[in-house]
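Written below as structure tokens is the structure these notes are about.
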Amino acid sequence: MRAPAKINLSLHVLGRRLDGYHDLESLVAFAGCTDLVSLDQQDELSLTQDGPQANQAGPIADNLILRAARQAQVHIPSLHLGAFHLTKRLPVGAGIGGGSSDAAAALRLIAKANGLDKNDPRLFEAAKATGADVPVCLDPIARMMRGMGDDLSRPIHLPLLFAVLVNPNVHVDTGSIFKRLGFAPGEARQRNSHPLIEDHLSFDQLIAVLNKTANDLEDAASLAAPVIPHVLNVLMAAPGCRLARMSGSGSTCFALFAKRSEALRATKVLRRDHPDWWTRATLLR
């Protein structure tokens, strides 16, 4: 089962709730680069992992795949689980929801193995209990994500988005980035509403709308990881780049191009000039 990278094309922080969580508005899309998750129902609940990023994934006992499986069993007690295997290819702590997407893929596998409808509301509740980004990853297609990540719009049909993703192999801690915003519990932020994202916009129309948005975590993340503005400057200098922005809480940045050839050319140059960066050309949907 593919677990695609989640890209925040926009990310507005509206304030902090009394319970300490932040309210967000974000246009989310998903990339063609993925982790892979499989399930063998013959064994007890467990997780093994391999892949180029496996050593960065942290202790297996803390993995969101296992948390999602246990939450699924809480919400649907009759479930049969099994042995999961994760091939970790996406960078960790990178603002692209790799762990959340892995957990969502595990929930999809559990649903398939147990004959459940993928839209079973109990799966959504298990996703919410697992982590804030897991619900939007259950059905990985572009949509607006609001609130704590559990208020999702219907799917949005975006134009072809040829993208280049770059992670400078710097880990950014999400909690510390939100803390840098300095919101007190119950404090709201005064800002314009997120512009409406309509279906079937042209590429130029979508870029015009995205230019009216931002990633409100970008400044805080750049203070924590000064390489981020450097990555953004490099991406913006690429011929054909129409928008460069950080995803999530960082440190992965993306650039959008109108043509596949432009994205491929930028990827080739980036890999030549910055061989230590994780760089991928992909299509967002």
Side-chain angles (χ1 to χ4, degrees), residues 1-12 25-36 89-91 94-98 100-101 104-105 108 118 133 135-146 152-167 194-215 218 231-248 250 252-272 274 277-285:
M1 179 78 69
R2 291 161 62 86
K6 171 191 66 66
I7 304 300
N8 298 91
L9 295 173
S10 63
L11 179 53
H12 293 177
E25 279 188 318
S26 177
L27 175 59
V28 173
F30 290 87
C33 44
T34 74
D35 289 338
L36 298 174
R89 305 191 297 193
L90 299 175
I96 54 177
S100 297
S101 191
R108 294 196 300 274
K118 66 177 183 178
D133 277 346
V136 77
C137 295
L138 269 180
D139 182 16
I141 190 168
R143 66 184 76 226
M144 288 297 301
M145 175 179 74
R146 297 182 174 88
L152 305 179
S153 76
R154 58 174 177 74
I156 298 172
H157 300 282
L158 298 178
L160 288 177
L161 294 178
F162 300 106
V164 176
L165 310 183
V166 173
N167 184 276
H194 194 289
L196 178 66
I197 307 294
E198 298 179 350
D199 273 337
H200 305 298
L201 293 175
S202 70
F203 178 80
D204 287 339
Q205 288 172 328
L206 180 62
I207 294 297
V209 173
L210 289 176
N211 278 326
K212 299 175 183 178
T213 70
N215 182 338
E218 198 169 287
V231 172
L232 289 170
N233 286 333
V234 170
L235 287 173
M236 286 187 285
C241 173
R242 298 290 301 277
L243 179 77
R245 184 168 286 169
M246 187 184 80
S247 178
T252 301
C253 301
F254 64 89
L256 300 181
F257 299 83
K259 299 178 181 178
R260 180 173 179 267
S261 59
E262 295 170 337
L264 292 175
R265 182 167 62 246
T267 300
K268 181 178 180 181
V269 172
L270 282 160
R271 287 177 172 171
R272 181 196 68 198
H274 302 278
W277 291 357
W278 180 90
T279 304
R280 298 289 186 276
T282 188
L283 185 67
L284 301 183
R285 62 186 291 270

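Just so you know, these numbers use all the heavy atoms, side chains as well, and skip hydrogens, waters and symmetry mates.
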Please report the C-alpha distance between L283 and F162 in whole Å, then the side-chain angles of each, then the deciding distance to 0.1 Å, and finally whether the side-chain contact (heavy atoms from CB on, under 4.5 Å) criterion is met.
-> CA-CA 5 Å; L283 185 67; F162 300 106; 3.8 Å; yes
Side chain S10, main chain L27, donor-acceptor under 3.5 Å = yes
Locate the shortest heavy-atom distance separating A105 from R2; write the atom from each residue and the value.
-> CB-O, 4.1 Å
So, for A266 and F257, which heavy atoms are closest and what is the spacing to 0.1 Å?
-> CB-CZ, 3.8 Å
Which value, rounded to the nearest 0.5 Å, describes the distance between C253 atom SG and L232 atom CG?
-> 4.0 Å
Under the side chain to side chain contact (heavy atoms under 4.5 Å, CB included) test, which residues partner S26, sequence neighbours left out?
-> N8, L11, V28, M145
How would you list, by chain and number, every residue that makes a side chain to side chain contact (heavy atoms under 4.5 Å, CB included) with R285, sequence neighbours excluded?
-> I141
How many angstroms lie between atom CD1 of I96 and atom SG of C33, to the nearest 0.5 angstrom?
-> 6.0 Å
Would you say the side chain of M144 lies within less than 4.5 Å of the side chain of L152, judging by non-hydrogen atoms?
-> no
Considering non-hydrogen atoms only, spot the tightest contact between F203 and L160 and give its length.
-> CD1-O, 3.7 Å
Output the distance between atom CZ (R143) and atom NE2 (H157), rounded to the nearest 0.5 Å.
-> 10.0 Å
Examine the side chains of R280 and T267 and answer whether a donor and an acceptor come within less than 3.5 Å of each other.
-> no
Test item: N215 side-chain N/O and M246 main-chain N/O as donor-acceptor pair under 3.5 Å = yes
Nearest atoms (heavy-atom pairs only) where D133 meets V136 = O-CG1, 3.3 Å
Without placing hydrogens or testing angles, list every side-chain donor-acceptor pair under 3.5 Å for residues 206-213, not counting sequence neighbours.
from: N211; atom 1: ND2; to: I207; atom 2: O; distance (Å): 3.3
from: T213; atom 1: OG1; to: L210; atom 2: O; distance (Å): 2.6
from: T213; atom 1: OG1; to: R245; atom 2: NH1; distance (Å): 2.8

Evaluate the ring planes of H12 and H194, with Trp represented by its six-membered ring, and classify them as parallel (under 30°), tilted (30 to 60°) or perpendicular (over 60°).
-> tilted
Mind checking the OG1-CD1 spacing from T252 to I7? Nearest 0.5 Å is all I need.
-> 6.5 Å
What residues, two or more places apart in sequence or in another chain, satisfy side chain to side chain contact (heavy atoms under 4.5 Å, CB included) together with K268?
-> none
Mind checking the CG-CZ spacing from D139 to R108? Nearest 0.5 Å is all I need.
-> 8.0 Å
In short, A244 meets M236 closest at the heavy-atom pair CB-CG, 3.4 Å
Yes or no on side-chain contact (heavy atoms from CB on, under 4.5 Å) for C137 and F30, after CA distance, side-chain angles and deciding distance?
-> CA-CA 9 Å; C137 295; F30 290 87; 3.9 Å; yes
Only one of V234, T279, V269 forms a side chain to side chain contact (heavy atoms under 4.5 Å, CB included) with H274, so which one is it?
-> V234
Do V231 and N167 have side-chain heavy atoms sitting under 4.5 Å apart?
-> no
Taking every non-hydrogen atom, the tightest pair across P4 and P140 | CG-CB, 3.7 Å
Report the C-alpha separation of L235 and F254 in whole Å, then their side-chain angles, then the decisive distance to 0.1 Å, and conclude whether the side-chain contact (heavy atoms from CB on, under 4.5 Å) test is met.
-> CA-CA 8 Å; L235 287 173; F254 64 89; 5.8 Å; no
Residues pairing under salt bridge (charged side-chain N to carboxylate O under 4.0 Å, His left out) where one sits in residues 199-211, two or more places apart or in two chains, turn out to be R154-D199, D204-R242
What pairs with A29 under side chain to side chain contact (heavy atoms under 4.5 Å, CB included), at least two apart in sequence or on another chain?
-> L9, A142, L158, L284
Answer whether the closest heavy-atom distance between the side chains of D35 and S101 falls below 4.5 Å.
-> no
